[in-house]
There are 2 protein chains.
Amino acid sequence: MDHLKLENQVCFPIYTLAKEMVNKYRSLLEELELTYPQYLVMLVLWEKDEQSVSAIGEKLNLDSGTLTPLLKRLEQKEIVMRKRSQADERMVVISLTAAGHQLKTKAQNVPSAMVDAMSIPVAELKVLKNSIDKILSNL
Amino acid sequence: MDHLKLENQVCFPIYTLAKEMVNKYRSLLEELELTYPQYLVMLVLWEKDEQSVSAIGEKLNLDSGTLTPLLKRLEQKEIVMRKRSQADERMVVISLTAAGHQLKTKAQNVPSAMVDAMSIPVAELKVLKNSIDKILSNL
DNA sequence: CCATTATATATTGTGCGCAATATAATTTTG
DNA sequence: CAAAATTATATTGCGCACAATATATAATGG
């Protein structure tokens, strides 16, 4: 078997799926005026308000080079605020505005819409997630 | 269950895995001086030389906005050539240079190195690929 | 045959994603 | 306590990825 054939690649479908997912999210998140990475940041903040850039970055595996400009865009949309921590002036604490909190209501149906779009049995989805988590812990 | 919790997201692990894979490829492809998307284009050309931009794009699900500058970078590395088709002046035919052909030899061990890095049984990998293909056909 | 439509690639603009580096604040150490 | 090391964020630069648009060529239809 030719391991350099595209159809024999394992990573290509994963790469493609990730892109297609983000594309699907583009339409689902259009109403919220959020990109997928921005949506992920909002998920983190909806779970726990007031987190440092690095805390958000650890949860999403994103560095300041990605987050700083992204957070500034969320600030411009007036759904988050950025403020230097009093206790440690190096840190910037990100918090939700009222509009940022309210956006969560509008986001409620996004996850189910996405699972619907994938139209794959929940059981199979769990197996999939398991394998992915395993690979992730190895990489 | 709170569907907006990060840990309950299905797509986040896929998004993360795709990124980690590309990161892993970065080190594997360092010697070849290729990025992962560039490597994918080379896979397509190694399978069949002389293809139009759109033919490559269809196989990789990439449009000219992505491919045109990428192919120009491969041209600058002198591993591919870009030439307008005689038969149809709208098309640009991409072909491998001698160096581009030779690069295939150096790439031989990349796929196995990647599978090794993921360290997951081949059987499980096949199940994974199956599920992903199913989701992709739905999306 | 010429106007219309379709097709192929290129260009522009925006937003990641990450490496490398810079800057500033804090902590550690001698 | 002051110098050195660490930490947190910001900046710069590059390469995708994709929407929207532009441009040039080809195909089609009256």
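A, B, ... follow the sequence lines: proteins, then strands. Residue 1 opens every chain.
What separates CD of Gln76(A) from C1' of dT14(C) is a distance of 13 Å, to the nearest Å. Nucleotide dA19(D) holds its C1' atom 15 Å from the CD atom of Glu20(A), rounded to whole Å. At whole-Å resolution of the value, CG in Leu17(B) and P in dG17(C) are 14 Å apart. Note: CG (Asp63(A)) to C1' (dT11(D)) measures 12 Å, nearest angstrom. Atom CG in Leu62(B) sits roughly 15 Å away from atom C1' in dT9(C) (whole-Å rounding). Counting to the nearest Å, the P atom of dG17(C) and the CZ atom of Arg73(A) are 10 Å from each other. Atom CE of Met91(A) is separated from atom C1' of dA8(D) by 8 Å (rounded to the nearest Å). Rounded to a whole Å, the OH atom of Tyr25(B) is 18 Å from the C1' atom of dG17(C).
A distance-only check finds no donor-acceptor pair linking the side chain of Ser95(B) to the backbone of Glu50(B) [under 3.5 Å]. When atom types are taken as modelled, the side chain of Thr16(B) and the backbone of Phe12(B) share a donor-acceptor pair closer than 3.5 angstrom. No donor-acceptor pair under 3.5 Å is formed between the side chain of Ser54(B) and the backbone N or O of Gly57(B).
Within a 6.0 Å sphere centred on CD of Glu78(B), heavy atoms belonging to other residues, nucleotides or ligands number 12 at most.
The side chain of Tyr15(B) places an N or O atom within less than 4.0 Å of a non-bridging phosphate oxygen (OP1 or OP2) of dG17(C). Residue Lys19(A) has no polar side-chain atom (N or O) positioned under 4.0 Å from OP1 or OP2 of dG17(C). Using a 4.0 Å cut-off, some side-chain N or O of Arg82(B) falls inside it from OP1 or OP2 of dA10(C). Using a 4.0 Å cut-off, no side-chain N or O of Asn23(A) falls inside it from OP1 or OP2 of dA17(D). At the phosphate of dT9(C), OP1 or OP2 sits under 4.0 Å from a side-chain N or O atom of Ser54(B). Phosphate contact (OP1/OP2 of dT11(D), side-chain N/O of Lys72(A), threshold under 4.0 Å): present.
At least one side-chain heavy atom of Pro37(B) sits less than 4.5 Å from a side-chain heavy atom of Leu70(B).
Counting atom types as modelled, Ser64(A) pairs no side-chain N or O with a base atom of dA8(D) as donor and acceptor under 3.5 Å. Taking 3.5 Å as the limit, the base of dT7(D) and the side chain of Arg90(A) contain a donor-acceptor pair of atoms between them.
At the heavy-atom level, Ser52(A) lies under 4.0 Å from the strands shown only through sugar-phosphate atoms. Within 4.0 Å (heavy atoms only), Asp88(A) reaches sugar-phosphate atoms of the nucleic acid but no base atom. Using a 4.0 Å heavy-atom cutoff across all strands shown, Leu67(B) reaches no nucleic acid atom at all.
Nearest heavy atoms, Tyr36(A) versus Cys11(B): OH-C, 3.6 Å.
Toward the 5′ end of DNA chain D lies the nearest nucleotide of Thr66(A), the other residue of the pair Ala87(B) and Thr66(A) mapping further downstream. Comparing Arg26(B) and Ala55(B) by the nucleotide of DNA chain C that holds the closest heavy atom to each, the one mapping nearer the 5' end is Ala55(B). Between Val53(B) and Pro37(A), the one whose closest nucleotide on DNA chain C sits nearer the 5' end is Val53(B).
Taking the side chain of Leu70(A) as heavy atoms from C-beta on, and the options dA10(D), dT9(C), dC16(C), the nearest nucleotide is dC16(C).
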